[in-house]
Amino acid sequence: MPTFKTVRGMRDFLPEEAEKMRYVEEAARETAKLYGFEEIITPVLESYELLSAKAGEELRERMYVFEDLGGRKIALRPEFTASIARLVATTLRNYPKPLRLFCVGSLYRYDEPQFGRYREFWQSNYELIGSDKPEADVEILALTNHLVASVGLKHYKFKIGHVGIIRGILSQEGIKEEKQTHIMHLLDKKEWNQTLQTLKEFKASRKCVKTLTQLIKTRGENPAEVVKTIKRHVEGYEAAATALENLNQILCLVEESKIGFDMTVEAGFARGLDYYTGMIFEVFVPEMKIAIGGGGRYDKLIQLFGGEPTPAVGVAHGIDRIALAMEKQKTPLKKPKEKKVLVIPLKEELKTRAIGIASAFRKAGIPTEIEVMGRTVSRALQDADRRNVGYAVLVAPKEMEKGKIILKNLAKREQQVLTVEEAIQSILNVKT
Ligand code: AMP
């Protein structure tokens, strides 16, 4: 037999890693609840056509694409937003707005596996659909801030921009959308020189090249100051000025409502996905160069999928990357100590009783295992100790005759002879 291993880019999560992933997922669910987002579940497989429509060149090239047995061209989802836009354009078309939708699950991108970049990874994704107001953008920023803070991450920073500023300039220069998208991709890859070179090839005016040269350099931690500088640079470009005003309103709301997170505002910031139309952002921790989450406004996507014109703004957080950031920052998982119990029958004929007793503990809500390896008590206890099981229940003949068991507190190395009910109460009464 060959030795099987996981497919390149795929990972097994052992219990400790799985626990971390679920911990972040749980925090994401809590955040959804707090902000009024309802969970939906969409399929892992979607039509290639849907997923490739507005995903952007980079994502399109990295999709797992195949033909199913019915000859349909299918892809594994590389993101959630396309599926949600499909739903809003069809099934949820007549639902009252705003819609606040949350989903969590695995995504697939044929990226080169490296630190924090996997071919299968998990995201928590939130979409606020139906509002073009800056307060909707702020909700998405605020819930991201809440999630990142709630798992205990420190010193994280938002990077914020607005695609309408540069697109506005390019539109006014008569540069068609496709070419604009090409420019945005170059900006996303931080290929500044190439961006300016391409602008010249697209016959942009000297003023345009000069403005972009300045904008690329415009960034800072004081939002009001950055906005002022951008305003100076975009003079004469009306659509860009309107976009900047929209960004300014969002930043003022963040500032004045004292949501409180550190940020850098960057005029030349772009993201890989083509569908953004407004504010965009990413979140970073100082220990990692790659973003732990990112999102933005996309007001045209739902319409593109055949729906009513519907403004929307959303975010996706990388669950794997948040877990990685927690590791880097040595953030402890805030979890109650488990009150796990191992039930060990001391004699073959006490097995049935042991199973019944384990069942009573579980009914009381206490996680309980039963010894299934037929080991001696000392071996079973050794193993329980190694795995941090808190208590052992010994089902012994003499005690059983009196309807009692031996409850061992493994941490304290104490034991008591109790009825099952007393043992349950004694465990439940221990504060964790
Ligand atoms: P995107 O869908 O590209 O906007 O990405 C949103 C977030 O998903 C990123 O900020 C990352 O945290 C996470 N992410 C994206 N691609 C990967 C990947 N290949 N591996 C792990 N996490 C990823």
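The first residue in the sequence is number 1, and the count goes up from there. Atoms within each ligand, like the ligands themselves, are counted from 1 in listed order.
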Decide yes or no on ring-ring contact (aromatic ring centres under 6.0 Å, His included) for Tyr276 and Tyr298, but give the supporting numbers first.
-> CA-CA 4 Å; Tyr276 291 120; Tyr298 56 97; 7.1 Å; no
Evaluate the ring-ring contact (aromatic ring centres under 6.0 Å, His included) criterion for residues His162 and Phe269: first the C-alpha distance (whole Å), next the side-chain angles of each, then the deciding distance (0.1 Å), finally the verdict.
-> CA-CA 7 Å; His162 196 299; Phe269 172 38; over 10 Å; no
Quick one: does Arg77's side chain have a donor or acceptor within less than 3.5 Å of a partner on Thr42's backbone?
->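 It does hold such a pair.
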Can you name the residues that come within less than 4.0 Å of ligand 1, going by heavy atoms only?
->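 Residues Arg109, Asp111, Gly116, Arg117, Tyr118, Phe121, Gln123, Arg271, Leu273, Ala291, Ile292, Gly293, Gly294, Ala316, Gly318, Arg321 each place a heavy atom under 4.0 Å from ligand 1, listed by chain and number.
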Assign the ring pair Tyr64 / Tyr110 to parallel, tilted or perpendicular, where the plane angle (0 to 90°) is split at 30° and 60°.
->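 Correct class here is perpendicular.
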Do the charged groups of Arg29 and Glu39 touch, with an N to O distance under 4.0 Å?
->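 Salt bridge: yes.
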Think Arg11 forms a cation-pi with Tyr118, using NZ or CZ under 6.0 Å from the six-ring centre and within 45 degrees of its axis?
->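 Output yes; distance and angle both within limits.
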